[in-house]
Amino acid sequence: MSADCIIELEHLWTRFEEQLVHHDISLCVKHGEILGIVGGSGSGKTTLLREMIGLQSPSQGVIRIFGRDLKNITHADAQNLRNRCGVLFQGGALFSTLNVFDNIAVPLREANLVEENIIRQLVCIKLSMVGLEVGAAGKFPAELSGGMVKRAALARALALEPELLFLDEPTAGLDPIASDSFVDLLGELHQELGFTVVMVTHDLDTLRDLCRRVAVLADGQLIAVGPLKEVMEVDHPFIRSFFHGRRGEQAFVGQEEKIHG
């Protein structure tokens with residue numbers, strides 16, 4: 001694989017007892033890109049993301065992050081890798097008993113890299129980065145709108161200034177206006193900070209507006225990987241139904257200039 005791969009998957013297989021989820025998957029996530037992963041329900045999108053993050057292991061195959069094989073790293077190396085990555089889980093996954101400030105501070109405190117007065121400054125900076133007022137710091141997740149939850153969760157994911165960001169359905173549950181605003185924010189932060197993004201999404205507008213490349217999971221395999229325009233031309237039943245059905249027409253008609261080719 002290319003030397004510019006931040007993530008390398010080589011001949012990945014995933015089984016849950018008799019169920020085969022992934023069949024011989026190989027993939028390179030390139031430095032600085034936004035890669036979108038799509039697939040039908042049960043295709044193994046989130047499972048693949050969890051394996052990249054290190055939350056579970058494949059049945060066989062190799063996963064390398066920043067050149068390090070996840071099977072053969074020490075606890076200290078694993079912690080170092082985690083510090084270089086940020087994760088935005090579906091629904092935000094904020095700690096309900098902590099306010100926004102303490103949610104964002106969690107990775108900073110766990111890393112034990114800076115003193116508390118510096119943490120206070122960093123949390124305020126992250127709040128500003130994601131477009132939240134300082135007054136939101138004292139609120140609890142139950143007091144936030146869906147869009148504010150996503151922004152607070154993104155601030156937490158960016159707390160350690162990661163080089164690699166994992167997003168699981170980042171716009172799920174948002175109304176169209178909040179979704180567009182959040183996509184714009186992600187695009188601006190990516191351009192400003194230059195991190196690499198791996199994103200699982202079913203949202204065609206998000207794919208169109210953000211993703212440099214798209215990886216499509218179907219039948220337990222990656223059936224297509226490439227720029228959106230090229231992926232849409234692959235002749236496969238899932239691609240036809242996903243990209244060229246009514247939802248696809250709504251997302252792409254008159255929007256050709258937004259598709260990364």
Side-chain angles (χ1 to χ4, degrees), residues 1-2 4-31 33-75 77-82 84-93 157 162-172 196-204 206-207 211-226 228 230-231 234 236-243:
M1 289 201 178
S2 172
D4 68 347
C5 295
I6 294 294
I7 302 175
E8 297 173 273
L9 309 182
E10 293 185 355
H11 306 295
L12 215 66
W13 295 67
T14 305
R15 295 183 182 88
F16 296 123
E17 296 182 350
E18 299 302 315
Q19 181 186 9
L20 180 62
V21 179
H22 300 140
H23 169 239
D24 198 21
I25 288 177
S26 295
L27 177 68
C28 164
V29 180
K30 299 177 182 178
H31 180 271
E33 76 171 336
I34 300 180
L35 175 75
I37 301 175
V38 302
S41 178
S43 62
K45 305 182 299 296
T46 297
T47 297
L48 190 64
L49 194 72
R50 288 173 60 85
E51 290 172 346
M52 291 183 195
I53 296 169
L55 294 178
Q56 64 188 70
S57 299
S59 303
Q60 65 187 74
V62 176
I63 301 177
R64 295 189 188 90
I65 309 291
F66 300 112
R68 305 303 302 269
D69 186 341
L70 294 188
K71 280 185 179 178
N72 301 302
I73 57 174
T74 64
H75 176 76
D77 286 339
Q79 184 59 54
N80 179 60
L81 285 180
R82 283 193 287 270
R84 299 173 71 182
C85 300
V87 183
L88 175 58
F89 294 101
Q90 186 173 353
E163 302 163 62
L164 177 59
L165 191 62
F166 295 98
L167 309 175
D168 188 9
E169 300 285 5
T171 59
T196 303
V197 179
V198 177
M199 173 175 59
V200 167
T201 184
H202 68 277
D203 186 81
L204 292 171
T206 301
L207 286 173
C211 296
R212 182 66 59 186
R213 288 194 305 149
V214 177
V216 184
L217 275 170
D219 308 321
Q221 298 177 294
L222 281 176
I223 60 170
V225 181
L228 180 55
E230 293 179 9
V231 166
V234 173
H236 186 278
F238 175 78
I239 288 178
R240 289 196 299 270
S241 64
F242 187 79
F243 291 105

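Heads up: numbering here begins at 1 and tracks the sequence.
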Quiz question: by atom type and distance under 3.5 Å, do the side chains of [X] and [Y] form a donor-acceptor pair?
X    : Y    : result
E33  : T196 : no
H23  : D219 : no
E169 : H202 : yes
D77  : N80  : no

Close side-chain approach of [X] to [Y], heavy-atom, < 4.5 Å:
X    : Y    : result
Q221 : V216 : no
V214 : V225 : no
V231 : F243 : yes

Looking at every heavy atom in both [X] and [Y], which two are closest together, and how far apart are they?
X    : Y    : value
F166 : L49  : CD2-CD1, 3.6 Å
L35  : A215 : CD1-N, 4.1 Å
G86  : P162 : N-CB, 3.5 Å
A224 : V234 : CB-CG2, 3.9 Å
I37  : V198 : CD1-CG1, 3.7 Å
I63  : E51  : CD1-O, 3.5 Å

More than 12 heavy atoms from other groups under 6.0 Å of NZ on K30: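 Count not over threshold, so no.
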
Considering residues, nucleotides and ligands other than H31, do more than 12 of their heavy atoms fall under 6.0 Å from its NE2?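 No.
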
Test side chain to side chain contact (heavy atoms under 4.5 Å, CB included) on L164 and F66; report intermediate values, then the result. CA-CA 9 Å; L164 177 59; F66 300 112; 4.0 Å; yes

Result for side chain to side chain contact (heavy atoms under 4.5 Å, CB included) between L9 and one of L48, L222, V62 points to L48

Is there a donor-acceptor pair under 3.5 Å between the side chain of K45 and the backbone N or O of G40? yes

Are any side-chain N or O atoms of S59 and backbone N or O atoms of R15, one a donor and one an acceptor, separated by less than 3.5 Å? yes

Go through it in stages, so that I can follow the logic: the residues are L88 and L165, the test is side chain to side chain contact (heavy atoms under 4.5 Å, CB included), and I'd like the CA-CA distance, side-chain angles, deciding distance and then a yes or no. CA-CA 8 Å; L88 175 58; L165 191 62; 5.6 Å; no

Can you list the steps and then say if I53 with I65 is a side chain to side chain contact (heavy atoms under 4.5 Å, CB included)? CA-CA 9 Å; I53 296 169; I65 309 291; over 6 Å; no

Any chance you could measure Q79, atom CD, to H75, atom NE2, to the nearest 0.5 Å? 6.0 Å

Start with the C-alpha distance between L12 and D24, add both sets of side-chain angles, then the distance that settles side chain to side chain contact (heavy atoms under 4.5 Å, CB included), and finish with yes or no. CA-CA 5 Å; L12 215 66; D24 198 21; over 6 Å; no

